[in-house]
Protein chains: 2
Amino acid sequence: MVLDKETSSIEATIAVVGERWTILIVRDIFRGIHRFSQLQEDLGIAKNLLSERLAHLVEEGVVERVPYQDRPLRCEYRLTPKGADLSASLIALMKWGDRWYADDPPTVLVHRTCGTPLDLDPTCPRCSVAVTPGQIRSQNATEES
Amino acid sequence: MVLDKETSSIEATIAVVGERWTILIVRDIFRGIHRFSQLQEDLGIAKNLLSERLAHLVEEGVVERVPYQDRPLRCEYRLTPKGADLSASLIALMKWGDRWYADDPPTVLVHRTCGTPLDLDPTCPRCSVAVTPGQIRSQNATEES
DNA sequence: CAGTATCCTCGAGGATACTG
DNA sequence: CAGTATCCTCGAGGATACTG
């Protein structure tokens with residue numbers, strides 16, 4: 001059917017980052033927490049689980065190990081371009097939680113440096129209407145629209 | 001710390017929809033699949049699990065039961081406004097999966113009705129720069145920016 | 001510090017039978 | 001059709017001890 005592409009795309013995404021600890025780890029790395037012990041302390045996750053989740057993220061190419069000292073060799077975890085590309089997803093999830101579960105609604109999410117409110121609701125630039133997932137399809141980037 | 005709000009917002013979101021079946025159910029309802037048997041067939045999920053996940057979504061106010069016949073009473077599942085508000089998140093996840101796991105990259109996501117490509121990368125409208133999750137904060141909607 | 005190795009337990013997923 | 005009720009099994013989460 002027509003929606004196969006979108007189907008597998010969502011499934012692919014949640015197969016990689018659709019797990020509580022995994023997504024929280026990625027969020028923490030976004031926030032500048034890069035070292036094993038810092039992640040463990042911030043998240044309160046068991047060390048074997050953190051180790052396993054990080055290995056999984058490295059294997060998927062979302063996170064990479066970057067040495068920051070020799071003798072003994074120590075690495076920290078950084079987002080790859082693929083991992084950094086998750087920002088839109090994280091922000092959308094954050095924004096939804098903020099909208100519906102904030103202690104004192106209404107709140108808005110703003111750019112930290114300049115305070116400008118951010119609107120991430122998907123809108124078609126041509127039609128100027130809100131777009132839902134069912135109204136979207138994939139097409140090859142080289143095709144004519 | 002300053003990021004507490006975002007932290008709990010993401011955790012709140014994944015507590016509600018951060019599970020494989022749950023998110024696929026929401027996606028299917030977005031796509032127009034509203035009945036129990038259709039969802040079960042489309043997803044290949046065990047009936048007790050589907051029943052439980054739907055009950056959870058109803059309880060969370062993401063989905064609602066809407067009768068479509070009496071005698072016997074039958075209900076279908078529709079998104080509430082809160083559920084429909086998940087579209088930005090679903091699309092962002094879909095788009096990431098499409099970008100990094102499409103069979104034949106590059107692909108783009110376009111508005112189904114008019115074919116216009118959609119860009120959901122978060123950009124600050126004032127600064128015109130890409131915004132990452134760590135560069136966002138919550139503030140009360142009534143505060144001055 | 002940054003992990004790996006073990007072990008234990010509980011509960012989720014799934015299959016199946018049953019029901020109005 | 002749209003579920004509920006049971007039952008079984010496996011494996012994930014977590015705690016803890018250990019290692020270079």
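Just so you know, these numbers come straight off a predicted model, no measurement behind them. To find a chain, count down the sequence lines: A is the first, B the second, and so on, and within it residues start at 1.
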### Task
Return the minimal non-hydrogen interatomic distance between Ile29(B) and Tyr77(B), and the atom names on each side.
CG2-O, 3.6 Å
### Nucleotide dA2(D), atom C1' - distance to CD1 of Ile33(B) in whole Å
17 Å
### Query
With a cut-off of 6.0 Å (strictly less than), are more than 12 heavy atoms of other residues, nucleotides or ligands near CD of Glu41(A)?
no
### Task
Rounding to 10 degrees, work out the angle separating the end axes of the helix from dC1(C)-dG20(D) to dG20(C)-dC1(D) (five pairs an end).
50°
#### Entry: Stretch residues 47-58 of chain A: residues that reach within less than 4.0 Å of DNA chain D through a heavy atom
Asn48(A), Leu49(A), Arg53(A)
### Message
If you take any heavy atom closer than 4.0 Å to DNA chain C, which residues from residues 72-80 of chain B end up in contact?
### Response
Arg74(B)
#### Entry: Heavy-atom closest contact (Trp21(A) atom, Gly44(A) atom, distance)
CH2-O, 4.1 Å
## Note on the structure
Atom CZ of Arg20(A) and atom C1' of dG14(D) are separated, to the nearest Å, by 13 Å
### Query
So what does Arg65(A) touch, heavy atoms closer than 4.0 Å: a base, only the sugar-phosphate, or nothing?
sugar-phosphate
### Task
Could you tell me which non-hydrogen atom of Val62(B) sits nearest to which non-hydrogen atom of Val26(B), and how far apart they are?
CG1-CG2, 4.3 Å
### Message
Can you tell whether the side chains of Glu11(B) and Arg20(A) come within less than 4.0 Å, N to carboxylate O?
### Response
yes
### Pair Asp28(B) + Arg31(B): basic N to acidic O under 4.0 Å
yes
### Task
Decide yes or no on side-chain contact (heavy atoms from CB on, under 4.5 Å) for Arg53(A) and Leu24(A), but give the supporting numbers first.
CA-CA 11 Å; Arg53(A) 295 296 189 281; Leu24(A) 293 178; over 6 Å; no
### Task
Using only side-chain N and O atoms of Trp21(A), determine if any of them is under 4.0 Å from OP1 or OP2 of dA12(D).
no
### Summary
Here the pair of heavy atoms bringing Glu76(B) nearest to Arg35(B) is OE1-NE, 3.2 Å
### Task
To the nearest Å, give me how far apart CD (Glu41(A)) and P (dG3(C)) are.
16 Å
### Query
Base, sugar-phosphate, or nothing: which does Glu19(B) touch, judged by heavy atoms less than 4.0 Å apart?
sugar-phosphate
### Query
Roughly how far, to the nearest 0.5 Å, is the CD1 atom of Ile10(B) from the CD1 atom of Ile14(B)?
7.5 Å
### Summary
On a heavy-atom basis, the closest approach of Gly32(B) and His34(B) is O-CD2, 3.2 Å
### Query
Would you say Glu59(A) has more than 12 foreign heavy atoms packed within less than 6.0 Å of its CD?
no
### Query
Separation of Arg35(A) atom CZ from dA2(C) atom P, in whole Å?
7 Å
